[in-house]
Participant: 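What follows is a structure written as C-alpha cells; I'll ask about it next.
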There are 2 protein chains.
Amino acid sequence: MPKSTFFRLPEERRARLVHEAIAEFADRTYAEASLSQIARRANIPKGSVYQYFEDKLDLYRWLLTEEAPRLKRAFVGMPSPEGDFWTRFDDFVERGMAFLVEHPRLARLSAAAADPTANPEVRGLHKAICEAGLQELRAVLEVGAERGALHAPDLDVATRLVATIIGPGLTDVVLQELGAELHEVLASDSLRKRLGPKRRRALAHQAVDFIRKGLGSGKPERRKET
Amino acid sequence: MPKSTFFRLPEERRARLVHEAIAEFADRTYAEASLSQIARRANIPKGSVYQYFEDKLDLYRWLLTEEAPRLKRAFVGMPSPEGDFWTRFDDFVERGMAFLVEHPRLARLSAAAADPTANPEVRGLHKAICEAGLQELRAVLEVGAERGALHAPDLDVATRLVATIIGPGLTDVVLQELGAELHEVLASDSLRKRLGPKRRRALAHQAVDFIRKGLGSGKPERRKET
DNA sequence: TCGGCATGCGACCGATCAGTCATATGACCG
DNA sequence: CGGTCATATGACTGATCGGTCGCATGCCGA
C-alpha cells in the first residue's frame, strides 16, 4: 500500500510517476524493471519515490492491483447478460482484444501475472491475480454450462485452457497478424492501428469458434492416400 | 557458440557446469539468472567459465539450442506416422506431458522461449525457438488437415492456439492438479510423482478432446430459466 | 631438463541497483 | 517573526552483477 503522502500528491506529479511506472513495468520484467529508471524518466528524485511507496514491490503491487484494473474496467465495462451465451462470449473476447490493441501497456501489465520470476513475493502477487482472473472467467463459463451451451468434463481444466487461448494465445495471434514483436507494439502507436476493428472481430470470432467447436470435423478420417 | 576449450573439458566437469546452468536458467529468468551463481554452485571459478563460453548469452544459447533439444529428443523420440490422426496427436501430447513431469527443468528451459525480456538478443533467440516449435506443430496439424481430420479457417492461427493449449495451458493444468507452483515442482522430486501416468493420460486426452471438439455442444441453448 | 602453450583461477573493475539518511525547503500557525 | 511539520532531494551504502586480466599451474615435445 502506498504511503499517505502518495495520495496527497499534486495530480500532475502523481500521473507522471504512475505513467512512467506503467511504461517501465510493461516492457520489462519485474526483476528487470528499475526503480531508478522510473524515477529518472518521471523526473522525480528516487528519494521522493520512497516517500510515496514502501519499496519497489509496493509500487508494482499498486499498479497491478489498483491502477491497471481500474483503467481496464473503465475501458471494458461490464458484460451484459443479454443474448445467448456464445454471442456474449464473443463480445467478451472481442472487447479484450480491443483493450489489448488500444492500451497495449495496460494489457501487458495485466498479463505480467503469468511471467515467471524467482522472487517469492512477486510470485505470490502474480498468483493471486491469476487466480482472480480465472475465477472471473470460470463464472462466465459456468453460466454457459448451466444453460447447456457449454460442456466440459472438468470446468476447472476447461477454464484454464480457455484462459490461455484468450490470453497469451490470442495475443500471439495478434502479434503475428501485426507482423511485429510485443515490444514494438508497446513502443509504436501507429503499429497497433494496423489491426482494424473488422479484422479484430474476425480473429476474436475465429478463436471463439475454436473454443466452441474445436478443430475436429466429426467426419470419419480419410485414410492416408496410397 | 562455446569456445573450443569447452569441448575439450573432462566429462565430469562439463556435466557439472551444464547441470548447474540448466538448474539456474530453469528456475530464474535469463535476466535474473546469475552466471556468478552458476559458477559458484558448479564449483568452477567464474574466470574458467569465460574460458568455455563467450558470455552469459553464449552459455544460455548453448543450453537452449543444443542441450535441451538433444535431451528432449532422447526422451520423447519421434512420432510414428501410424494410426489415425487424433490418436497420434493424443500420443504426441501425452509424451509432452510425460517430459514435463519427468524432466521439469528441461521442459521449463524449453518453455522459457515464451518468457518476456527486455534484452533484444535474448528476444531474438527466444523468437527463433518459438518459431521452430510452431513450424513443427504446424507440420503435424497439416497432416491432419490433409487427411480431413482437422478443419481450420486459418492454419497459422490454429497452430498458435493449439500451441498455447498444449504448452502453457497444459502446464498450468498439471500444476493445478499437483496443487503446487512451478517452482516447487522444479525443486521437489517427490512432488511430480504424484501425477501418475494414468491421470496424466486422462488430462492429455481431455486437452486433445477440447482441441478436437471444443466446448460447445451443438445443441440449441436452453433459454434462461424464468 | 627446459620452454612454451593451453588452461585454471580469483582478485579486480565499472556499472547498476534497491534502499537510506541527513539536510534543505517551504507552508502554515501562533 | 520563530517554530514545527510534511515533504523534497540527491549523495551515499552495500550488494551483486557481467566481464577482464595477469599470474599460477601443469602438460608435452625437444
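The figures here come from the full heavy-atom set of this structure, side chains too, leaving out hydrogens, waters and symmetry mates.
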Participant: Quick check on contacts: within residues 21-47 of chain B, what sits under 4.0 Å from DNA chain C by heavy-atom distance?
Facilitator: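 Within this stretch, B:Pro45, B:Gly47 sit under 4.0 Å of the strand.
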
Participant: By the salt bridge (charged side-chain N to carboxylate O under 4.0 Å, His left out) test, which pairs, at least two apart or in different chains, include something from residues 44-60 of chain A?
Facilitator: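 Pairs touching residues 44-60 of chain A that pass the test: A:Asp58-A:Arg61.
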
Participant: Measuring centre to centre across the rings, with the benzene-like ring taken for any Trp, is A:Phe89 within less than 6.0 Å of A:His205?
Facilitator: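 Not close enough - the centres of the two rings lie 6.0 Å or further apart.
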
Participant: In whole Å, what is the span from the CG atom of B:Leu17 to the P atom of C:dT7?
Facilitator: 15 Å

Participant: Taking 4.0 angstrom as the limit, do A:Arg70 and A:Glu66 come out as a salt bridge?
Facilitator: no

Participant: Within less than 4.0 Å of OP1 or OP2 of C:dG8, is there a side-chain N or O belonging to B:Tyr50?
Facilitator: no

Participant: Just to be sure I understand the rule, does A:Tyr52 reach a base, reach only the sugar-phosphate, or reach nothing, if contact means heavy atoms closer than 4.0 Å?
Facilitator: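 Sugar-phosphate only.
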
Participant: Does B:Tyr60 use its side chain to pair, donor to acceptor, with the backbone of B:Val122 at less than 3.5 Å?
Facilitator: no

Participant: Which nucleotide sits closest to the side chain of A:Gln51: D:dA8, D:dG18, C:dG8?
Facilitator: D:dA8

Participant: Rounded to whole angstrom units, what separation is found between the CG atom of B:Asp55 and the C1' atom of D:dG18?
Facilitator: 9 Å

Participant: Go through residues 4-15 of chain B and report each residue with a non-hydrogen atom lying under 4.0 Å from DNA chain D, sorted by number.
Facilitator: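 Contacting residues: none.
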
Participant: Under the criterion side-chain contact (heavy atoms from CB on, under 4.5 Å), which of A:Leu134, A:Val208, A:Leu137 is the partner of A:Val162?
Facilitator: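 That would be A:Leu137.
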
Participant: Report the distance from atom CD of A:Glu54 to atom P of C:dT20, rounded to the nearest whole Å.
Facilitator: 9 Å

Participant: Atom NZ of B:Lys3 to atom P of C:dA6: distance rounded to whole Å?
Facilitator: 13 Å

Participant: Report the distance from atom CG of A:Asp154 to atom CZ of A:Arg160, rounding to the nearest 0.5 Å.
Facilitator: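 Output value for this atom pair is 10.0 Å.
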
Participant: Quick check: are there more than 12 heavy atoms from other residues, nucleotides or ligands sitting under 6.0 Å from CD of B:Glu184?
Facilitator: yes

Participant: For the rings on A:Trp62 and A:Phe7, is their centre-to-centre separation under 6.0 Å?
Facilitator: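 Aromatic pair counts; centres sit under 6.0 Å.
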
